[in-house]
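Lettering of chains follows the sequences in order, A, B, ..., and the numbering in each one begins at 1.
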Amino acid sequence: MLRISSGYGPRPTGGGFETFSWYFFRVSGVALIFLAIIHLILMHVTTDVACTSYQFVAHRYQNPYWRLYDWLLLTLALLHGMNGLRVVIDDYVRNRGWRLFLLSLVGLATLAFFLLGTITIVTFQPVASALQGASCVTH
Amino acid sequence: MWSWLLHRVTGLAVLLFLLVHIVDIGLLSFGPDVYNEGIALFSTGIVRVISLGLIASVLYHAFNGVRIILIDFWPRGARYQGIMFAVVMIITILCFLPMAYFVVAPIFQPGTSAVALPM
């Protein structure tokens with residue numbers, strides 16, 4: 001509120017990782033607005049979740065651009081979210097040992113989830129029968 | 001301050017879902033039966049209601065993110081931040097309601113939830 005006189009909000013100066021992080025939040029955020037909201041509409045509105053079956057994915061992933069779309073969404077969302085978690089930990093965890101432990105955990109989890117997601121998207125090879133008919137999951 | 005707190009809470013909620021989602025998509029590698037069993041869980045009534053929270057969180061976080069960028073880069077952004085917060089809430093609700101309808105409606109029409117697959 002006190003910064004109104006300058007007209008602009010606070011912007012980081014000095015370079016380094018925190019400045020990069022600040023810009024990364026904003027740049028990846030703008031991309032994610034489109035990637036995530038379009039993804040939500042495709043998977044929950046135009047197709048019901050019950051129909052996002054293995055067969056649905058098999059058809060969809062015939063097109064490599066959907067794999068690229070999903071991989072971009074995975075990568076940007078994971079880095080944006082985990083970087084957010086890092087900021088939250090920095091804010092609330094005062095003890096140095098705990099902070100180091102938790103931040104290391106965040107780093108390892110980021111790598112593990114990135115690898116799991118990437119491997120799933122890249123290596124998915126549907127069983128032949130999945131391409132024959134569309135099917136929804138009953139509940 | 002409320003906008004900040006909501007941004008943080010919705011961000012963490014979406015991150016939690018993302019981690020669960022990466023694991024459930026990982027079930028693809030185990031074949032159709034395993035994966036579809038996971039998807040069946042997502043189409044149950046209780047999980048549909050929970051996913052309303054996800055949709056509301058994504059929408060708020062996205063629109064408030066635009067507000068934050070405007071505060072940072074638009075010379076008059078800080079001056080209008082209060083009005084922009086009201087606009088964010090209104091747009092979030094306006095986008096949420098129709099999406100929520102599509103997510104929740106199948107609960108009340110068992111068997112007909114299946115929207116045709118676009119192929």
Side-chain angles (χ1 to χ4, degrees), chain A residues 1 3-4 6-11 22 25-26 29-30 32-34 36-37 40-41 44-59 61 70 74 77-78 80-82 84-85 87-88 91 109 113-114 116-117 119-121 123-124 126-127 129-130 134-139, chain B residues 8 11-12 14-16 18-19 21-23 25-29 31-37 39-45 47-48 51 54-55 58-59 61-63 65-66 68-79 81 95 98-99 102-103 106 110-111 113-119:
Chain A
M1 305 301 139
R3 294 192 190 86
I4 280 177
S6 76
Y8 288 97
R11 249 189 271 192
W22 191 92
F25 270 130
R26 282 148 184 82
V30 169
L32 283 167
I33 292 170
F34 298 98
I37 292 180
L40 267 184
I41 292 171
H44 291 274
V45 178
T46 59
T47 305
D48 187 71
V49 258
C51 300
T52 58
S53 59
Y54 186 93
Q55 290 78 4
F56 173 81
V57 180
H59 280 279
Y61 272 11
D70 287 357
L74 162 77
L78 189 63
H80 185 108
M82 287 303 214
L85 182 57
V87 172
V88 171
D91 277 354
F113 280 96
F114 172 72
L116 173 59
I119 289 169
T120 308
I121 292 171
T123 66
F124 178 72
V127 298
S129 61
S135 76
C136 296
V137 176
T138 49
H139 58 278
Chain B
R8 191 158 267 206
L12 290 173
V14 174
L15 176 63
L16 178 66
L18 174 66
L19 299 184
H21 192 40
I22 291 171
V23 173
I25 289 301
L27 295 179
L28 277 172
S29 309
D33 295 340
V34 176
Y35 183 76
N36 286 348
E37 218 170 289
I39 286 301
L41 186 68
F42 281 94
S43 66
T44 57
V47 182
R48 280 177 189 273
S51 51
L54 169 73
I55 290 171
V58 168
L59 292 173
H61 200 85
F63 299 138
V66 174
I68 290 173
I69 290 172
L70 286 174
I71 292 172
D72 291 333
F73 292 102
W74 179 37
R76 269 180 263 172
R79 192 175 307 254
Q81 65 85 18
C95 291
M99 290 179 77
F102 281 102
V103 171
S113 71
V115 176
L117 276 178
M119 282 307 158

**Q** Mind ranking B:Ile25, B:Val103, B:Leu19 by heavy-atom pairs under 4.5 Å with chain A and telling me who comes out on top?
**A**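 With the most close heavy-atom pairs to chain A, the winner is B:Leu19.
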**Q** Pick one of side chain, backbone, both or neither for A:Val127, based on which atoms fall under 4.5 Å of a heavy atom in chain B.
**A**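 Contact with chain B involves the side chain of A:Val127 alone.
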**Q** Tell me the closest heavy-atom pair linking B:Ile39 and A:Ala50, and the distance in Å.
**A**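 Heavy atoms only, the tightest pair is CG2-O, 4.3 Å.
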**Q** Against chain B, work out which of A:Ile121, A:Val30, A:Val88, A:Asp70 has the most heavy-atom pairs shorter than 4.5 Å and name it.
**A**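 It is A:Val88.
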**Q** Quick check on the interface: out of B:Leu70, B:Val58, B:Leu28, B:Asp33, who has the most heavy-atom pairs with chain A under 4.5 Å?
**A**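 Heavy-atom pair counts peak at B:Leu28.
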**Q** Please assess B:Arg48 against A:Asp48 for the test side-chain contact (heavy atoms from CB on, under 4.5 Å), listing each intermediate value before the final yes or no.
**A** CA-CA 11 Å; B:Arg48 280 177 189 273; A:Asp48 187 71; 2.6 Å; yes
**Q** If every non-hydrogen atom of A:Val49 is compared with every non-hydrogen atom of B:Phe42, which pair is closest and at what distance?
**A**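 Closest approach of A:Val49 to B:Phe42, heavy atoms only: CG2-O, 4.0 Å.
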**Q** Do you know the tightest heavy-atom contact between B:Ser29 and A:Thr120?
**A**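 Closest approach of B:Ser29 to A:Thr120: OG-CG2, 4.2 Å.
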**Q** Which one of A:Leu32, A:Leu74, A:Leu78, A:Ile41 has the most heavy-atom pairs closer than 4.5 Å to chain B?
**A**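 The residue among A:Leu32, A:Leu74, A:Leu78, A:Ile41 with the greatest pair count is A:Leu78.
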**Q** How long is the gap from CG on B:Leu18 to NE2 on A:His80, to the nearest 0.5 Å?
**A**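 Rounded to the nearest 0.5 Å, the CG-NE2 separation comes to 11.0 Å.
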**Q** Go through the steps for A:Trp22 and B:Asp72 under the test side-chain contact (heavy atoms from CB on, under 4.5 Å), then give the verdict.
**A** CA-CA 11 Å; A:Trp22 191 92; B:Asp72 291 333; 3.3 Å; yes
**Q** Is it the side chain or the backbone of A:Phe124 that comes within 4.5 Å of chain B heavy atoms, both, or neither?
**A**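 Side chain only.
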**Q** Any donor and acceptor pair, going by atom type alone, linking the side chain of B:Asn36 with main-chain N or O of A:Tyr54 inside 3.5 Å?
**A**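 Yes, B:Asn36 side chain to A:Tyr54 backbone: donor-acceptor pair under 3.5 Å.
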**Q** Give me the atom names and distance for the closest heavy-atom approach of A:Arg26 to B:Phe73.
**A**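 It is CD-CE1, 4.0 Å.
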**Q** Chain A heavy atoms under 4.5 Å from B:Val23: which part of the residue, side chain, backbone, both or neither?
**A**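 Looking at B:Val23, backbone and side chain both touch chain A.
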**Q** Once you round to the nearest 0.5 Å, how far does CD1 of A:Ile119 lie from CD1 of B:Ile22?
**A**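 Rounded to the nearest 0.5 Å, the CD1-CD1 separation comes out at 12.0 Å.
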**Q** So what's closer than 4.5 Å to chain B heavy atoms on A:Val57: side chain, backbone, both or neither?
**A**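 For A:Val57, the contact with chain B is made by the side chain alone.
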**Q** Please report the shortest heavy-atom distance between B:Leu15 and A:Gly81, naming the atom on each side.
**A**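 Minimum heavy-atom separation between B:Leu15 and A:Gly81: CD2-O, 3.5 Å.
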**Q** How close do A:Val87 and B:Arg8 get, counting heavy atoms only, and between which atoms?
**A**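 Looking at all heavy atoms of both residues, the closest pair is CG1-NH2, 3.7 Å.
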